[in-house]
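Contents: one structure, followed by commentary.
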Amino acid sequence: MEWIQNPWPWYVSGPLIALVMFVLLFVGKQFGMSSNLRTACSIGGAGQVSDFFKFDWKKERWNLIVVLGAAIGGFLASNFMSDNTVEINPEISEKLETYGIKSSGEAYLPTEIFSNESLSDPKIILILIVGGFLVGFGARYAGGCTSGHAISGLSNLQLPSLIAVIGFFIGGLVMINFIYPLIF
Amino acid sequence: MKTLIYLIIGIFFGIVMYKSEAASWFRIYEMFEFGAFHMYGIIGSALVIGVVGVQIIKRNKVKALGGQEMALKPKAMSVSRYIIGGILFGLGWALAGACPGPMYVLAGAGYASILIVIFGALLGTFVYGLLKNKLPH
């Protein structure tokens with residue numbers, strides 16, 4: 001049963017993600033995780049201030065069920081199927097240490113950012129909120145996130161998705177090469 | 001019944017995200033540093049199967065359950081919205097080290113801090129809705 005505890009290799013994980021996409025297509029839906037954020041805003045009454053949130057969110061309930069499942073999956077995997085550490089390329093670990101992030105190989109998420117103790121640092125809270133904000137804003141502006149564009153859209157050979165994915169990488173590379181040295 | 005199917009799809013997806021380490025901040029950072037093939041292998045292998053599968057579906061006009069059309073509508077063409085939106089998303093993806101799917105997975109795994117990221121993402125979505133008509137698309 002060691003394969004359950006060990007990290008799953010890319011050639012297992014990638015095809016399983018494709019499988020999720022095809023099962024959703026088969027039941028008439030499209031794989032896309034960020035649309036839930038819009039649905040949640042609608043449920044919270046955001047339709048009163050913007051037409052963008054005025055739609056029949058009940059039709060999107062299926063996607064919220066998928067999200068609930070994803071959270072349950074995360075609970076099961078972290079509690080019963082993992083030692084919750086991630087080994088990365090040692091050279092990258094060393095580079096992270098120069099930023100003061102020394103928990104690679106010992107944790108699933110860097111404790112310097114994600115531990116409850118780190119929340120006493122206003123800078124960390126700002127990083128978490130701004131990071132989330134950009135993900136939410138950017139995903140809706142671009143009309144999709146990693147699942148909607150990089151997986152579903154590119155699988156359907158959509159040029160808009162290719163442009164969006166190029167944008168994802170420009171943004172990511174700018175963040176780690178130019179902004180990380182300023183904030184860490 | 002349908003609810004149960006969606007729940008099972010979600011649980012399966014959550015386990016795959018967590019076990020593939022695609023939900024790990026470290027793997028996202030490593031990907032943007034081009035430090036390992038892992039993340040590229042995940043996305044690449046999903047894509048190879050995805051492209052072939054979608055072509056098979058389209059050429060054979062395969063219908064979804066109940067005879068409805070597959071949700072494979074082409075996306076409206078534009079450059080500005082995809083590139084600007086994409087860059088903003090990428091900045092956030094690398095800063096928070098999580099995209100929307102893994103955020104929910106990590107919340108389930110018990111990382112309280114990710115709730116702040118999700119709150120930020122909801123706020124970002126809300127502000128986009130407010131500004132939508134003023135932004136170039």
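Below, chain A is the first sequence line, B the second, and so on; all start at residue 1.
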Please state whether the side chain, the backbone, both or neither of [X] comes within less than 4.5 Å of a heavy atom of chain B.
X	answer
A:Phe26	both
A:Leu154	both
A:Leu19	side chain
A:Phe52	side chain
A:Ile124	neither
A:Val165	neither
A:Leu64	neither
A:Ile163	both
A:Met21	side chain
A:Leu173	both

Under the rule for side chain to side chain contact (heavy atoms under 4.5 Å, CB included), what residues qualify as partners of B:Val52, not counting sequence neighbours?
B:Ile56

ILVMFWY cluster, [X] and [Y] together (side-chain gap under 4.5 Å):
X	Y	result
A:Phe184	B:Leu91	yes
B:Val51	A:Ile166	no
A:Val130	A:Phe114	yes
B:Val48	B:Met39	no
A:Phe22	B:Leu72	yes

Can you tell me how far apart [atom1] ([X]) and [atom2] ([Y]) are? Round to the nearest 0.5 Å.
X	Y	atom1	atom2	result
B:Leu88	A:Ile170	CG	CD1	11.5 Å
A:Leu128	B:Ile118	CG	CD1	11.0 Å
A:Leu16	B:Ile15	CG	CD1	10.5 Å
A:Phe133	B:Leu95	CZ	CG	13.0 Å

If you tally heavy-atom pairs under 4.5 Å against chain B, which of [options] wins?
options	value
A:Ile183, A:Leu24, A:Leu162	A:Leu24
A:Ile129, A:Ile72, A:Leu25	A:Leu25
A:Val27, A:Leu76, A:Ile17, A:Leu109	A:Leu109
A:Val66, A:Val20, A:Ile125	A:Val66
A:Ala18, A:Gly144, A:Ala70	A:Ala70
A:Pro160, A:Ala150, A:Ala77	A:Pro160

Considering only heavy atoms and a distance below 4.5 Å, find which of [options] pairs most often with chain A.
options	answer
B:Ile5, B:Ile28, B:Ile49	B:Ile49
B:Ala71, B:Gly53, B:Ala112	B:Ala71
B:Val79, B:Ile57, B:Ile84, B:Ile43	B:Ile84
B:Gly85, B:Gly97, B:Ala36, B:Ala98	B:Gly85
B:Leu135, B:Leu65, B:Ile11	B:Ile11
B:Pro100, B:Ala96, B:Gly66, B:Ala76	B:Pro100

Show me, pair by pair, the donor and acceptor atoms from chain A and chain B that are under 3.5 Å apart.
unit_1	atom_1	unit_2	atom_2	d
A:Ile4	O	B:Lys19	NZ	2.7
A:Gln5	O	B:Lys19	NZ	2.9
A:Asn6	O	B:Lys19	NZ	3.1
A:Trp8	N	B:Lys19	O	2.9
A:Phe26	O	B:Leu65	N	2.7
A:Met33	O	B:Tyr104	OH	3.2
A:Ser50	OG	B:Gly129	O	2.7
A:Gly69	O	B:Ile11	N	3.4
A:Ala70	N	B:Gly10	O	3.2
A:Met81	O	B:Lys19	NZ	2.5
A:Asn84	OD1	B:Tyr18	OH	2.4
A:Asn89	N	B:Glu30	OE2	2.8
A:Asn89	ND2	B:Gly35	O	2.7
A:Lys95	NZ	B:Glu33	OE2	2.9
A:Tyr108	O	B:Ser24	OG	2.8
A:Tyr108	OH	B:Tyr18	O	2.6
A:Phe114	O	B:Ser113	OG	2.9
A:Gly132	O	B:Ala121	N	3.3
A:Phe133	N	B:Gly120	O	3.4
A:Arg140	O	B:Arg81	NH2	3.3
A:Tyr141	O	B:Arg81	NE	2.7
A:Tyr141	O	B:Arg81	NH2	3.1
A:Tyr141	OH	B:Pro136	O	2.6
A:Asn156	OD1	B:Lys58	NZ	2.6
A:Asn156	ND2	B:Leu72	O	3.2
A:Gln158	OE1	B:Lys75	N	2.8
A:Phe168	N	B:Gly86	O	3.4
A:Tyr180	OH	B:Ala94	O	2.6

Taking side chain as C-beta onward, heavy atoms only, is A:Leu119 less than 4.5 Å from B:Ile116?
yes

Which region of [X], side chain (C-beta onward) or backbone (N, CA, C, O), has a non-hydrogen atom less than 4.5 Å from a non-hydrogen atom of chain A, or is it both or neither?
X	result
B:Phe126	both
B:Leu123	both
B:Met103	side chain
B:Ile8	neither

Could you walk me through whether A:Phe169 and B:Phe32 pass ring-ring contact (aromatic ring centres under 6.0 Å, His included), step by step?
CA-CA 8 Å; A:Phe169 272 84; B:Phe32 284 125; 5.3 Å; yes

Of all heavy-atom pairs linking A:Leu134 and B:Gly92, the shortest is CB-CA, 3.6 Å

Tell me the closest heavy-atom pair linking A:Ala40 and B:Leu122, and the distance in Å.
CB-CD2, 3.7 Å

